[in-house]
Trainee: 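Dumping the structure here so I can ask a few things about it.
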Amino acid sequence: MATPKAMRQPASLRFGSAAFLTLWCLIAAFPLFWILVMSFKSPADAFDANPLAVIFGPRTIAAGKGLSVIDLVLGLAVLWYAVRFAFTRLPQMVRAFTAPGLVILGWLVGCLGYAVVFIVLFFGLLPVVLDALNAIAGPLGQPVIGLTAEHYRAVWVGNEFYRNFINSLIVTGGVVTVSLTVGTLAGYGLARSGSNLAFWLLIAALIFRALPHSVLVAGYLPVFINSAEILRPILGDAAPTLYGQPLAVIAVLVAINQPFTIWMLRSFFQSIPVELDEAARVDGCTHLQAFRRVIMPVMWPGVITTGLFSFLLGYNDFLVTSLLLDAQNQTMVPAIAGYFNRETTTTDQAEAIAAAVSITAPLFLLVMVFQRQIVSGLTAGAVKG
Amino acid sequence: MKFRTFAAFVGPSVFMMVVFIALPLASVFVQSFQVTQPVIERIEVESCTAGFLEQTCTTQVKTRPKINESGQVETTTRWVGLESYANLLQFDRVWAAISNGEPGRILQIDFWRALRFTLTFTLVTLPLVVGLGLAIALAVNNAARSIRGQVIFVSLLPFIITPVIGALSIRWLFYGDGIVTSWLETWLSTDISVAANGAAVEALMMFYRVWSVAPFAFVIFYAGLQTVNQDTLESAIIDGASRWQRLRFVIVPHLMPLIVFIALIHLMDAYRAFEEVVGFSSQAQRITLQWLTYDFLQPDDAGNRSISRASASAMLTMIGIVIILLPPLRRTWRDHKGIS
């Protein structure tokens, strides 16, 4: 359908709007793009005042770390095909090889296998091939862009950042699982009950959502530190000190996340017609059976979306984890604060940047894969009610 | 749904919220009137050194924390009433500053400094977030369908990124000889030091907040724009409404509930701003209320955490939350009574 003439826009407006959009995209992406570039350069290049020096990294090349034209072309081509493969062939293969009912397991195995193959190809095989090619290519084999992974090596191997990564995995995994289990039950109950009590629970949750997290942590800290003595009369000598325990942090983050989770899941449950429950009930299901066998199978989009936001909360949290976890159980985000507390040399700063990029990379993948769910989750709360 | 079934479904969630939100809140309220300190005892220590013919002995009175049987420092808790609040608010210094005619001195007290910045921060970023979000939504709605997905992808990045990292990524562009700073320096041919300039740091913190929240506003407004009634728009055109009038009188009123929603969420979130202070290391220049509480909770050099002060500052922060939440809660209450 052609746009009516009256609705058509003058060229100046179209141009202005396009220019504004381009500017916004630049501002939105530039800081992140820039830390990615900086993280691969030697410290002297990364903090150069001249942007071109940061991009091309002359001192990084001088140190013998660089990519030639052939490296760039081949590397980008392999990356491009790897991404294409992940988004087209991989889902097909997963669908073809997994039995129905084991879809989640199939995806896990598929993604894991894909990651292993990719790492072997990209970091194992490709450098060998490229070295051989560079040696015979003459001028095309000369490095043109400086690139070094030394900061990543220093962060992940030297500073044992993988420990923080594992702690992050434990905390976020726990938060997502527990808060979805508890939240779906509550969201369903709230969506299907029109009672006054349900209304007041939702209002209380709204108030809880507004609380600053430091207020709550001020309540936990004294109890958690002294928990061994407080719990001794009940649990005897096995009473744990909750301070520093990932499990305690998971419980805290789940509770902090509950208000948001139940509001969002409730709005998803409300979009499922009540007739579906009633039909299941007529066929002899109890409420719990109706919930498990009839409602949950159609609720997956809502659960995935809510799970994403729980993931973000657990993964991005700084305040709670930095106050309630001790050094050896620290997650990634508070750990990075340690880098720039002691950042005295530019090398320390460059390592902090590499750590920052390492933390950001999974989030980037997350947006790539789940963009639609994130958008639907954001709008679910606002537009539906 | 019967009450028992409802209770079974909601029970675990309510339990979590009561144990980890309601109870801590109550205990913070109680703690703010108490002070827990290690018991200090004074003991006489006689120390002797070998000397000629006889030892020379001196007795000293030392103070040290008392240790109980299990080898831990003994503590006492006593009620101090409003003392923690008074320590925080320091009304005597406030009155002195006002009576001396130097109200600027009030801002040397941490709490008032934090309050001043938090309020400015919240109120300045609010219109910027709504305005920028609306502008992006209109521009994307105007753009070709094929590029909308990519634009949404790029726009989501600042929103999804870990707040501390987002703040750091902007900090690295400006602090020291960051490329934006050095570009500004050559352009204006002056020497700029962003990190040492309080106003500049404040502006950067606000910029970060708008940068990271505007995408959220954009996505919500964009979804709202899809449901604008096309018939109303067409009749507005027939009535001779200009483009601006259509925006002003058709589109914005349609989006009004969403604007209120965004404003409310933003007020709640900006009021408890915290990550900006960490990311920009601005504690010397600008602090927020939540950071103040966080700072009290951090162990000091002797390993003590000033829990009671933290509780008092947390309770004072809560007053602001209550003020922000009152109008929407009153409206919900009226709606609820209207229905039932």
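Chain A is the first sequence line, chain B the second, and so forth, proteins listed ahead of strands; every chain is numbered from 1.
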Trainee: What pair of heavy atoms forms the shortest contact from B:Met268 to A:Ala210, and how long is it?
Mentor: SD-CB, 3.1 Å

Trainee: Is any side-chain heavy atom of A:Trp24 less than 4.5 Å from a side-chain heavy atom of B:Ser155?
Mentor: yes

Trainee: For A:Val182 and B:Pro12, which heavy atoms make the closest approach, and how far apart are they?
Mentor: CG1-C, 3.7 Å

Trainee: Measuring heavy-atom distances to chain A, does B:Leu297 have an atom under 4.5 Å in its side chain, in its backbone, in both, or in neither?
Mentor: both

Trainee: If I measure from the heavy atoms of chain A, does B:Gln290 come under 4.5 Å with its side chain, its backbone, both, or neither?
Mentor: both

Trainee: What residue, out of A:Ala205, A:Ser179, A:Gly16, A:Ala251, has the most heavy-atom pairs lying under 4.5 Å from chain B?
Mentor: A:Ala251

Trainee: Would you mind checking which part of B:Phe174 comes under 4.5 Å of any heavy atom in chain A, side chain (CB onward), backbone (N, CA, C, O), both or neither?
Mentor: neither

Trainee: Pick from B:Asp269, B:Val18, B:Val322, B:Val30: which one has the most heavy-atom pairs with chain A under 4.5 Å?
Mentor: B:Asp269

Trainee: Flag the one option from B:Met315, B:Glu275, B:Met318, B:Gln150 with the top tally of heavy-atom pairs under 4.5 Å to chain A.
Mentor: B:Met318

Trainee: Taking A:Ile203, A:Ile27, A:Leu288 one by one, which has the highest count of heavy-atom pairs under 4.5 Å against chain B?
Mentor: A:Ile27

Trainee: With a 4.5 Å cut-off on heavy-atom pairs, point out which of A:Val252, A:Leu32, A:Thr184 contacts chain B the most.
Mentor: A:Leu32

Trainee: Take atom CZ of B:Phe29 as the centre, draw a 6.0 Å sphere, and report whether it contains more than 12 heavy atoms from other residues, nucleotides or ligands.
Mentor: no

Trainee: Checking B:Ser27 against chain A: side chain, backbone, both or neither under 4.5 Å from a heavy atom?
Mentor: side chain

Trainee: Report yes if the side chains of A:Val367 and B:Phe153 come closer than 4.5 Å at any heavy-atom pair, otherwise no.
Mentor: yes

Trainee: What part of A:Leu201 gets within 4.5 angstrom of chain B, counting heavy atoms only: side chain, backbone, both, or neither?
Mentor: side chain

Trainee: Please flag which part of B:Ile152 lies under 4.5 Å from any non-hydrogen atom of chain A: side chain, backbone, both or neither.
Mentor: both

Trainee: Give the minimum heavy-atom separation between B:Pro24 and A:Tyr220, together with the two atoms involved.
Mentor: CG-CE2, 3.4 Å

Trainee: Please round to the nearest 0.5 Å and tell me the distance separating atom CG of A:Leu323 and atom OH of B:Tyr294.
Mentor: 5.0 Å

Trainee: Top residue by heavy-atom pair count (under 4.5 Å) with chain A, among B:Val151, B:Val19, B:Thr317?
Mentor: B:Val151

Trainee: Checking A:Thr22 against chain B: side chain, backbone, both or neither under 4.5 Å from a heavy atom?
Mentor: neither

Trainee: Please find the pair of heavy atoms, one from A:Asn316 and one from B:Pro163, that lie closest to each other, and give the distance.
Mentor: CB-CD, 3.8 Å

Trainee: Of the backbone (N, CA, C, O) and the side chain (C-beta and beyond), which part of B:Leu156 lies under 4.5 Å from a heavy atom of chain A, both, or neither?
Mentor: side chain

Trainee: Which heavy atom of A:Cys25 sits nearest to which heavy atom of B:Val154, and what is that distance?
Mentor: O-CG1, 3.7 Å

Trainee: Which one, B:Ala26, B:Ser13, B:Ala314, leads in non-hydrogen pairs under 4.5 Å with chain A?
Mentor: B:Ser13

Trainee: Check each atom of B:Phe159 against the heavy atoms of chain A and say whether the ones under 4.5 Å are side chain, backbone, both or neither.
Mentor: side chain

Trainee: Which answer fits B:Ala7, side chain, backbone, both or neither, if we ask what part of it has an atom under 4.5 Å from a heavy atom of chain A?
Mentor: neither

Trainee: Hey, are the side chains of A:Val215 and B:Leu25 touching, using non-hydrogen atoms and a 4.5 Å cut-off?
Mentor: yes

Trainee: For B:Trp211 and A:Pro31, work out which heavy atoms get closest and say how close.
Mentor: CZ2-CG, 3.9 Å

Trainee: B:Leu173 versus chain A, heavy atoms under 4.5 Å apart: side chain, backbone, both or neither?
Mentor: side chain

Trainee: Is there side-chain contact between A:Leu21 and B:Ile136, with at least one heavy-atom pair below 4.5 Å?
Mentor: yes

Trainee: If I take atom CG from residue A:Leu221 and atom CZ from residue B:Phe296, how far apart are they, to the nearest 0.5 angstrom?
Mentor: 14.5 Å

Trainee: Against chain B, label A:Arg209 side chain, backbone, both or neither, depending on which of its atoms sit under 4.5 Å from a heavy atom there.
Mentor: both

Trainee: Once you measure the plane-to-plane angle for B:Phe274 and A:Phe318, does it fall in the parallel (<30°), tilted (30-60°) or perpendicular (>60°) bin?
Mentor: tilted

Trainee: Counting only non-hydrogen atoms closer than 4.5 Å, does A:Ile262 touch chain B with its backbone (N, CA, C, O), its side chain (CB onward), both, or neither?
Mentor: side chain

Trainee: Quick one: CZ on B:Arg171 to CD1 on A:Ile35, what's the gap to the nearest 0.5 Å?
Mentor: 12.5 Å

Trainee: Chain B heavy atoms under 4.5 Å from A:Ala204: which part of the residue, side chain, backbone, both or neither?
Mentor: neither

Trainee: Which atoms of B:Ile160 are under 4.5 Å from chain A, going by heavy atoms: the side chain, the backbone, both sets, or neither?
Mentor: both

Trainee: Sequence neighbours excluded and cut-off under 3.5 Å, please list the side-chain donor-acceptor pairs for residues 355-366 of chain A, or say none.
Mentor:
residue	atom	partner	partner atom	Å
A:Ser358	OG	A:Trp156	NE1	3.1
A:Ser358	OG	A:Ala354	O	2.7
A:Thr360	OG1	A:Ala356	O	2.7

Trainee: Using 0.5 Å steps for rounding, measure from the CG atom of A:Leu319 to the CH2 atom of B:Trp291.
Mentor: 11.5 Å

Trainee: Output the distance between atom CE (B:Met17) and atom CG (A:Asn257), rounded to the nearest 0.5 Å.
Mentor: 11.0 Å

Trainee: Should the heavy atoms of other residues, nucleotides or ligands under 6.0 Å from CZ of A:Phe30 be counted, would the total exceed 12?
Mentor: yes

Trainee: Using heavy-atom distances under 4.5 Å, tell me whether B:Ile21 contacts chain A through its side chain, its backbone, both, or neither.
Mentor: both

Trainee: Less than 4.5 Å to any heavy atom of chain A: does that hold for the side chain of B:Val140, its backbone, both, or neither?
Mentor: both

Trainee: Examine whether an atom of A:Leu312 lies under 4.5 Å from a heavy atom of chain B, and if so say whether it belongs to the side chain, the backbone or both; otherwise answer neither.
Mentor: side chain

Trainee: Please identify, among A:Leu211, A:Leu197, A:Asp277, the residue contributing the most non-hydrogen atom pairs under 4.5 Å to chain B.
Mentor: A:Leu211

Trainee: For chain B, find which of A:Val254, A:Ile207, A:Leu206 contributes the most heavy-atom pairs closer than 4.5 angstrom.
Mentor: A:Ile207

Trainee: Counting heavy atoms not belonging to A:Arg372, are there more than 12 under 6.0 Å from its CZ?
Mentor: no

Trainee: Rounded to the nearest 0.5 Å, how far apart are CD1 of A:Ile256 and CZ of B:Phe20?
Mentor: 10.0 Å

